[in-house]
Amino acid sequence: MVMLNTPARVFGALGFAAAIALAGCGQKDDSPVTKGGPVSLRRLTEPEYRQIIADVFGTTIKVPGRFEPDVRDNGLIAVGTSRESVAGTGLEQYDLTARGIAAQVVDDAHKATLIPCTPAKVTDKDDACATQFIANTGRLLFRRPLTQDELQTQVKDAGESATKLGNFYSGLELSVAAMLVSPQFLFRQEVSEPDPDNKGERRLDAYSKASRLSFFLWDTTPDSDLLEAAAKGDLNSDDGLAKQVDRMVKSPRLASGVRAYFTDMLGFDGFASLAKDPQIYPKYGSAVATDAQEQTLRTLTDLLVTNNGDYRDIFTTRKTYLTRLLGSVYNVPVTTSTGWEPHEYPEGDPRAGILMEVSFVSLHSHPGRSSPTIRGKALREIFLCQKVPDPPGNVNFALVQDTKNPAFHTARARLGAHINQPTCAGCHKIMDPVGLAMENFDSAGGFRSTENDSPIVTAGEIDGMKFDDSVGFTKVIHDHPQAPVCLVNRIYSYGTGRPATKDEAEWLNYQVKQFAASGYKVPELMRRIAGSKAFYRISTPGTEANNATLSMAGTSSQTEAVK
Amino acid sequence: MTGFHSFTRPLSLAAGLALAATAGHASASETRGYVVSWFGVSTYYGGDSDCPDGLNPMSTEFYKRELLRLGYSEADATKLLKDFPGNPGKPDGEYIKIMATRGDKKTNVYAHPESAADPGLKEVKGTKAYGFNLDGKTDSPISFTDPDTGEKGIKNQYYRTLGCIRSFRAPPPAHPTLAQAQWDVLRDEMPAWLIEVSGITDPKNSDNVTVTISRAVDHVSRDATGAVRSDMSFKVDPDPRTHNVLHGSIKDGVLTTDASTIRIVADPFLIPEFNWKQARLKLKMGDDGSLKGILGGYHDWYALYWSYAESGWVEEHSASVDMPALYYSLKRNADADPDATGQNQSISTAYEVEAVPAFVIHTEDKNDKKVSDAGSAVQPRRVEANMGGWLRKLGW
Amino acid sequence: MTMNASRRNVLRGMMGGAAVSVGLPFLDCFLNANGTALASGAPLPVAFGTFFWGCGLNPGRWEPKTTGAHYDMNIETQPLQPFKDRINVISGMKVFLDGKGARPHFTGEMAILTGDVPREQPNYASLDSIVADTIGTRTRFRSLEVTGTGKPTDSLSRRSASVSNPAEISPAALYTRVFGPDFRDPNSADFKPDPRTMVRRSVLSGVTDQREALLKQVGAADRQRLDEYFTAVRQLEQQLDLQLQKPAPLAACTSPAQPTDAEIGTEIDSVVANHKLFAQILAHAVACDQTHVTNVVFGEATSPLRKAGTAMTHHIYTHEEPMDPQLGYQPHATYFMGRIVETLAFYLQTMDSIKEGDGTLLDRSLILAHSETGFAKIHALENIPMFLAGGAGGRIKTGMHIKADGEPVTRVGLTVQQSLGVPVDSWGTMSLNTSKPISELMV
């Protein structure tokens, strides 16, 4: 097994100053200068929508209706948001949801707390109170203060609705509903301005910075403090920005942001349509799927946020959390009746890390059996940012079928043909050995040592690194140089809503080095990114064409660099 | 290779803040935990040979019979039963009040079945039944023969009473409707029942094992097929009322226990609690880790009667169990513990038991959800009848 | 920012009054006495639909043995035999890749519906959307999408590269959406416009009034996406306008029964059961003029259909099941194909059972039923099964088997567009570009 101390230099960047600056309040950003990327227009995702409603109106507001599905691009829903718009059906649903929320905002249970002023006469309009409410609520929903025009129009509409319907609150109800279907709410529109510190360059304006910052660190709309800081111009100074970043990184809400990132990166939206055959896997079910996702998110936040641990340990950690229900799937005793308790796999247990938690192995399997190929592909794409090519058209699978002995006992035997056929081996060599290392875990995440009475062998080799069993495999992935590189690139993409540009490669390489030097600590990485100039730099119009995006692909060339 | 294999079978564990003392196991002996997934009265189904006199009538039939006996005309009786089952207290349920005092027209017949004459329950005449030879006699006239092993001298008078009532008959693998209906509710409503078997040196043959039957704090969970979920964790309820430690042995994969009293707190929907004397277990230990077999012993027959009659008309009409007939039959078939007048107080019974693997956890963590110190956390099921009699008998 | 004063003021003026006649030009349809045509004399509107399934059929068992008119259905399409005179079978067509990679269970349907082979994400609007722009602008719903295997993202209907129309997964939810509280029964006697709807309509136009100003603020790349959003708002406004109008009576319009969903998932019996419910709702929706365009995805392209209690899906069978030497096909895989074709027949039957004057709903519909591969086992992109069912109100000839070996699949899409009046001369990108509709079918 090859131990690697430094991350591979992936993109062939030129040499740069290896100043390792520890991030902190008021430190200068020594990273390479970038040209930035375009401003983005990103549609809210369903989880973001729900979180915003909870943050603005409180957690007792129910969010009815169905949402237009989020789309994944370049491995992230966060990047897909920059591609999406809203279709007629989607807007119908947004409208229904908006009306449902608005009705609750003005109902007896909520109006005292959410609408602090009272109208002169309930059966009539009241412009003063309406103005106050709409201005405050609008600022939080639109992520910036309303313009004079916007405010006037809305107050006028609220007044007319109130008059027509004979109720002040009905007027406000309709104005909340309208705000919730407005593009200023549904789309995170970024605005750029000239950068006074860099003549000829551009940067995000203060409110756009606040938005990007808040969604990155906390996955929600900017809170009042952050909007204040934007209004005062604080976010345009290094110190002012660092102060807000510090506040947000130190807050317990950082864990929500980390959870949101990993929920996206790990593709947990796939659970919504995941089904297992109940006859074959009676222990699996939607409650187990829900718990399984939560387990992984707790494993991650516990390791990365609460204990500020090494990112790479996500593959090898033996510490996790279980519910009683999960106990029946993992076949371990769990004392607590409801809720979570910490659990540590004992020494010698074949399970380690999040790759062998139910959430990973069950999501990447068929309804009735496991799939080394799917799991191998998932690991490569999700954790190593390596794109596996699609199978070619018109492949003759008849070659793969051994008609003399159709009964292969184990997946390794079944997939033998993948490896032995030259047309198939090229790609399958990339996926199958990875997935075969996890074959002790069936499609529902349960452990097994045999399949059809034949022992399961998990020894193998990946990218030149050998391992004897599943735990050895996790150590290999832990040490894989591509893993931290992939995380840095991907979390940056998540924050900006786009793949990185070629111009940003040098900066990203620098961040990877910083990440390694810091001990692969994720909150620190997020702090450095959130406090950097690069995160907010906007390319000048006309330079977009020159800023071709970096693809995350790279297969054999990458693995050779490892050796 | 004991490392990770120790987690492939649920074990009884000492966990939590304080450890319950468990008898020191020899390093080579194992404890296995189970949760009961099926519990129902064992009524052997032999087809027509069980009830050569025919099956007991449906409730509509015996209600009609009673109305006629009470002097109603055919036409009136038919009219009273026109909207069967009807609603108690409403005009279409007029017959219900009449049936409730059908003995002497004033006394509640469920609480005082001797106010009515014995209608004569049709009883089992077959020769086969599951159970145990509780009194050791093989030549007694009430003996059955075990259908599987051929063992003679099986005592199961409870089956003799119940076996020709329709709702207690079903060809395997189906369970009789009443037993199934009761368990369907109980399984989820009441805390789980646990079985631990410790001292296992060889899962097929072990001379000296201890079997503990206790109740859990937690309820069972179900899996995706609706069956009781395997490998779930259960905390033992420290309530001493359900804590039975039996001695037994395993031969050729079958676990049997020595005679003992067994007390299990249940739920008034079935019976508030079971109290068996000279009770034994015989359970086959499956390769999949399950248990399947029977529990047999002598039980107070009046308690069994009352477990049906307490709901009065409700169970009588829906399961077609003629309560006075049941009373007299149980009284007649009771076969142990004679009182001063020579009337037997106990009746031989057998129950089917199935269990799946579970983690049985002994903990004294007071923060876990637990049964409170006195009494039962179980909410008695609301029934529309007179509960007084038997509760007074118990001193509650 | 100036407001679009005139339109808003018109609407505001209405709010003081009672009944609203918005007087927008497109709502002038009333039926003639027989219910066969509009009062103006124009025939009942044509309806378009798509029906898609993954993993194709067995080559040699679905193509009719003879070509031209008077063909007979082959073994696998026997359930369609009762409709053969109103169905055109098109065999032999293929997808040209122009050197691009073929993504299994993706490229085939992209070529047929968007005329393009995308490298990553789809690049163009789908055929039904193009058609809806011509025939679907005056209905409450521009189109309705359904899918049988439980994922709203399985819809193939997209307005553009970035906007797709998610599909309904639940018949009960579709019923509520179409025939629920917002349904305006064309045949009901009384009608009162709801003041809340009027107010909503007015407030919503405040949103659209910002369109120009907002579009100016975003870059070129994002302008189109924002515009698509505003198009969606216009559609919502239109729905509200229709709710404020008394709808024209329609003799064939009845509300279907409120359905109870079968379990939503991949188990084949439930999938078929839900499709039967969908078929009812969609047919009634068209008969009641709630939409002119319907899109049915039998199941996602990778066909995860399975029988209860089994691990193997339709898709896996197509790759791994050995060919039965006696039968000459894969029995388990073929079982699923059979269920799919039966379901297609059910859809057609449901449409055919709605009588409209002398004809049926099927007579004024055009359904493109197609898969994405000619032979799933090897992901072949030749000989992809395609059918055109229904008379399209006389706009297309029917009852033919067109054997078009080696022809690009886009000829079908072009034929559809031209028959339905979309002003287009050619369609498709690179080698899929064609300007030749299937002349045998053109009227």
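Convention: sequence-line order gives letters A, B, ...; per-chain numbering from 1. Bear in mind the structure is a predicted one, so any value in this text is a computation, not a measurement.
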Open item on the list: Using every non-hydrogen atom in the two residues, find where His219(B) and Arg324(A) come nearest and quote the distance to one decimal.
Closed with: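 Reported closest heavy-atom pair: O-NH2, 3.1 Å.
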Task: Contact class of Leu326(A) relative to chain B, heavy atoms under 4.5 angstrom - done: neither
What distance separates [X] [atom1] from [Y] [atom2], expressed to the nearest 0.5 Å?
X: Thr225(B); Y: Gln279(A); atom1: OG1; atom2: CD; value: 7.0 Å
X: Asp218(B); Y: Thr336(A); atom1: CG; atom2: OG1; value: 9.0 Å
X: Phe234(B); Y: Thr335(A); atom1: CZ; atom2: OG1; value: 13.0 Å

Open item on the list: Can you tell me if Asp207(B) has over 12 outside heavy atoms packed within less than 6.0 Å of its CG?
Closed with: no
Open item on the list: Tell me if the NZ atom of Lys251(B) is crowded by more than 12 foreign heavy atoms within 6.0 Å.
Closed with: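 Counting other residues, nucleotides and ligands, NZ of Lys251(B) stays at 12 neighbours or fewer.
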Task: chain B contacts, top residue of Pro282(A), Pro278(A), Gly327(A) (heavy-atom pairs, under 4.5 Å) - done: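 The candidate making the most pairs under 4.5 Å is Pro282(A).
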Open item on the list: I'd like to know which of Ala227(B), Ala224(B), Ser221(B) tops the heavy-atom pair count under 4.5 Å against chain A.
Closed with: Ala224(B)
Open item on the list: Tell me if a side-chain donor or acceptor on Ser233(B) pairs with a main-chain N or O of Val334(A) at a distance below 3.5 Å.
Closed with: yes
Open item on the list: Between Arg229(B) (side chain only) and Lys283(A) (backbone N and O only), is there a donor and an acceptor less than 3.5 Å apart?
Closed with: yes
TODO: Quick one: do Phe359(B) and Asn331(A) satisfy side-chain contact (heavy atoms from CB on, under 4.5 Å)? Show the steps, please.
DONE: CA-CA 9 Å; Phe359(B) 290 100; Asn331(A) 226 331; 3.6 Å; yes
